[in-house]
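A note on names: the letters A, B, ... follow the listed sequences, proteins ahead of strands, and every chain is numbered from 1.
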Amino acid sequence: MSNEKLTPQRENFSEWYNQVIQRAELADYAPVRGCMVVRPYGWAIWENIQSALDRRFKETGHVNAAFPMFIPMSFLEKEKEHVEGFSPELAVVTIGGGEKLEEPLVVRPTSETIIGYMYSKWIKSYRDLPVLINQWANVVRWEMRTRLFLRTLEFYWQEGHTAHATAQEAEEETRRMLDIYTDFAVNEAAVPVIPGRKSETEKFAGAARSYTIEAMMGDTKALQAGTSHNLGQNFARAFEIQYLDENNQLQYCWTTSWGLSTRFIGAIIMTHGDDQGLILPPRLAPIQIVIVPIFKNDAEASQVMEMVEEVRASLAGRFRVRVDDREGMTPGFKFNDWEMRGVPLRLEIGPKDVEKRSVMAARRDIPGREGKTILPLEGLAETIDSLLAQIQSALLQRATAFRDAHILQPESYAELCSAVEGSWALAWWCGSSECEARLKDDTRATTRCIPLDQPGGEGRCCICGAPAREKAYFAKAY
RNA sequence: CGGGGUGUAGCGCAGUUGGCAGCGCACCGCGUUUGGGACGCGGGGGUCGGCGGUUCAAGUCCGCCCACCCCGACCA
């Protein structure tokens, strides 16, 4: 912890982001360029993300497994678009045990290929389908420019890989998982994402169709927060994933893949954080309540600590509680420290509270005096339960209001170009890659997604003026 | 890969003409403090990025190398 104030968001959002991560002890730079160490507090957030997602995966029939991190180079080359998309960013092992390898091994950038290979061995009959497997893993992509959590050489994620008998089932699965990501983002992380379809140029290398959830960060830039791909029969054909149907006919499977990574931690930081530091949604916060004892002398200390323990014990079974009993630090320092770490609710307990049988509660999402209330010990757990729920929904409301206030609906190309400076644009688009490229050249903004929620009707492409049936979101992205 | 920059304590930095390697924060000890970032006193911590050269003497001058950062290009 440092005594100095954070760089304010408005002054330099990137600098603010880096400082928050360091000071809240979420992650640190590793000795290898572009790699990060996820520290215990950051990993605890990831564990909460994992359990929220894993529960949803299991509820929809998926099971977990683990596949190797080394993939034969030749596997990557079997799907044309896939290898073209990933080859520039592969890490390759050429020596093992001091011997040059017969065939180089790729450190997985994603696992469609090796899982496809295994599926071709496992799937023989329509009775074997669907196969619904997820894995929690690390992957490596040799990126040029890296940012903690947002883009690192190695990152952690889950990747689901499923195989189905029909195109329709695969599409349903792809959309089901997109819905799960959306539900997770909105209801667990309080991040109001926009689900939609990726354009041809933005889709996953090797996919027939990609879906995404797009989130708006506090600087209005967009972040792709999770993706779900319908792979069609591309990988099934490349890896010969085939089954015999009811009529004894050999058929190719239809496969999907979907992933959400530690990048999502970056999304949480940049959606909710303020100039005091991190603000964590109560449902994912490793520590939901921190208790800060306050006293002047030994006599006060024993009274205060007795009540602190009473309060802690009454909350511990129901909430994630921490008592800050560190010595040699003033309460003021501790307040700032826990605000930096984004703990949603702080309880201050001092001699006055002992006397009144109450605690002073301070909400992280409402800074200063305004966020403070005196809570009686009587019924404290119930009061706090509803307070945490209020904080959770207040964060979602605030982020949603911010996002909606920064979405413009331009009618002309000139309006579109100015809209993407500091906002997102929702505009008619004809669907052509040329139009995307033109906007990107002129503004550096890209097509984020074609939202599932469409206005209907028809319009004119905001870029070329051709007839358009769909609106798309355009924005600068991380 | 092109352009620019930086390497000195954990972090941020200073180090003059070549002459005992320093400051702030952090850390450790003791005491006083404690309801919004406390203070005093004492203390520990260094391959000055690396290798070589010049010199009585190099953090400082010269050469080579390495690493990292920023801006472009490229990308989740």
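- Of the candidates B:G36, B:C75, B:U34, the closest approach to any side-chain atom of A:Glu143 belongs to B:C75.
- Residue contacts for A:Glu89: at a heavy-atom cut-off of 4.0 Å it reaches the sugar-phosphate backbone alone, with no base atom in range.
- Atom CD of A:Gln22 and atom C1' of B:C25 are 15 Å apart (whole Å).
- Look at the P atom in both B:G18 and B:U60: the space between them is 11 Å, to the nearest Å.
- Within 4.0 Å (heavy atoms only), A:Phe204 reaches no atom of the nucleic acid at all.
- Side-chain N/O atoms of A:Arg141 and base N/O atoms of B:C75 include no donor-acceptor pair closer than 3.5 Å.
- The separation between A:Lys352 atom NZ and B:U34 atom C1' is 12 Å, rounded to whole Å.
- Of the residues near RNA chain B, A:Val139 and A:Phe295, the one whose nearest nucleotide (by heavy atom distance) lies more toward the 5' end is A:Phe295.
- By the 4.0 Å N-to-carboxylate-O rule, A:Glu188 lies close enough to A:Arg56 to be salt-bridged with it.
- For the pair A:Thr330 and B:U34, the criterion of a side-chain N or O lying under 4.0 Å from OP1 or OP2 is not met.
- Using modelled atom types and a 3.5 Å distance limit, the side chains of A:Arg176 and A:Thr174 yield no donor-acceptor pair.
- A salt bridge links A:Glu309 with A:Arg312: the closest approach of a Lys/Arg side-chain nitrogen to an acidic carboxylate oxygen falls below 4.0 angstrom.
- Separating the CG atom of A:Asp441 from the C1' atom of B:A73 is a distance of 13 Å, rounded to the nearest angstrom.
- The CG atom of A:Leu6 sits 12 Å away from the C1' atom of B:G37 (whole-angstrom rounding).
- Position along RNA chain B of the nearest nucleotide to A:Val359 versus A:Gly85 favours A:Val359 as the more 5'-ward residue.
- Within 3.5 Å, a donor on the side chain of A:Arg346 pairs with an acceptor on the base of B:G36, or the reverse.
- When the C1' atom is used for both B:G50 and B:U34, the distance is 49 Å, rounded to whole Å.
- At whole-Å resolution of the value, CD in A:Glu355 and P in B:G35 are 18 Å apart.
- Under the Watson-Crick or G-U wobble criterion, with both distances below 3.5 Å, B:G35 has no partner in any strand shown.
- A donor and an acceptor atom sit less than 3.5 Å apart, one in the side chain of A:Asp353 and one in the base of B:G35.
- Across all strands shown, B:G2 forms a Watson-Crick or G-U wobble pair with B:C71, both key distances being under 3.5 Å.
- Rounded to a whole angstrom, the distance from the C1' atom of B:C23 to that of B:G59 is 16 Å.
- In a base pair of the Watson-Crick type (N1 to N3 plus N6-O4 or O6-N4) or a G-U wobble (N1-O2 and O6-N3), with each distance short of 3.5 Å, B:G63 is matched with B:C51.
- A straight line from CZ of A:Arg326 to C1' of B:C27 spans 15 Å, rounded to a whole angstrom.
- Rounded to whole Å, the separation between the P atoms of B:C68 and B:G22 comes to 31 Å.
- Comparing B:U16 with B:C62, their P atoms sit 14 Å apart, to the nearest whole Å.
- Across the P atoms, B:A58 and B:G3 are found 35 Å apart, a figure rounded to whole Å.
- Comparing the P positions of B:G15 and B:A9 gives an interatomic distance of 15 Å, to the nearest angstrom.
- A:Thr152 comes within 4.0 angstrom of a nucleotide base, judged by non-hydrogen atoms across all strands.
- The A:Arg151 side chain lies nearest to B:C75 when the options are B:C75, B:G36, B:G35.
- When heavy atoms are screened at a 4.0 angstrom cut-off, A:Lys334 is found touching no nucleic acid atom at all.
- Between the side chains of A:Glu470 and A:Gln454, no donor N or O sits under 3.5 Å from an acceptor N or O.
- If you take atom P in B:G37 and the same atom in B:C74, they sit 50 Å apart, rounded to whole Å.
- If you measure from atom CG of A:Asp337 to atom P of B:U34, you get 20 Å, rounded to the nearest angstrom.
- Across all strands, A:Pro88 comes closer than 4.0 Å to no nucleic acid atom at all (heavy-atom distances).
- Distance A:Phe333 CZ to B:U33 C1': 15 Å, rounded to the nearest Å.
- None of A:Arg448, A:Lys221, A:Arg197 except one satisfies the salt bridge (Lys or Arg N to Asp or Glu O under 4.0 Å) rule with A:Glu214; the exception is A:Arg448.
- Across A:Phe149, A:Phe184, A:Trp46, a single residue satisfies ring-ring contact (aromatic ring centres under 6.0 Å, His included) together with A:Phe264, and that is A:Phe184.
- Pairing partner, B:C27: B:G43, with both Watson-Crick or wobble hydrogen-bond distances short of 3.5 Å.
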| request: Go through the steps for A:Phe204 and A:His82 under the test ring-ring contact (aromatic ring centres under 6.0 Å, His included), then give the verdict. | output: CA-CA 8 Å; A:Phe204 176 73; A:His82 195 61; 5.7 Å; yes
message: Run the side chain to side chain contact (heavy atoms under 4.5 Å, CB included) test on A:Ile194 and A:Cys449 for me, step by step, so that the C-alpha distance in whole Å, both residues' side-chain angles and the decisive distance to 0.1 Å come before the verdict.
response: CA-CA 8 Å; A:Ile194 293 175; A:Cys449 72; 4.1 Å; yes
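- Under the Watson-Crick or G-U wobble criterion, with both distances below 3.5 Å, B:U16 has no partner in any strand shown.
- In this structure, A:Lys372 reaches the bases: a heavy-atom distance under 4.0 Å links it to at least one base atom across the strands shown.
- As judged by a 4.0 angstrom heavy-atom cut-off over every strand, A:Arg444 is placed among residues touching the sugar-phosphate backbone only.
- Within the nucleic acid shown, A:Leu150 comes within 4.0 Å of at least one base atom, counting heavy atoms only.
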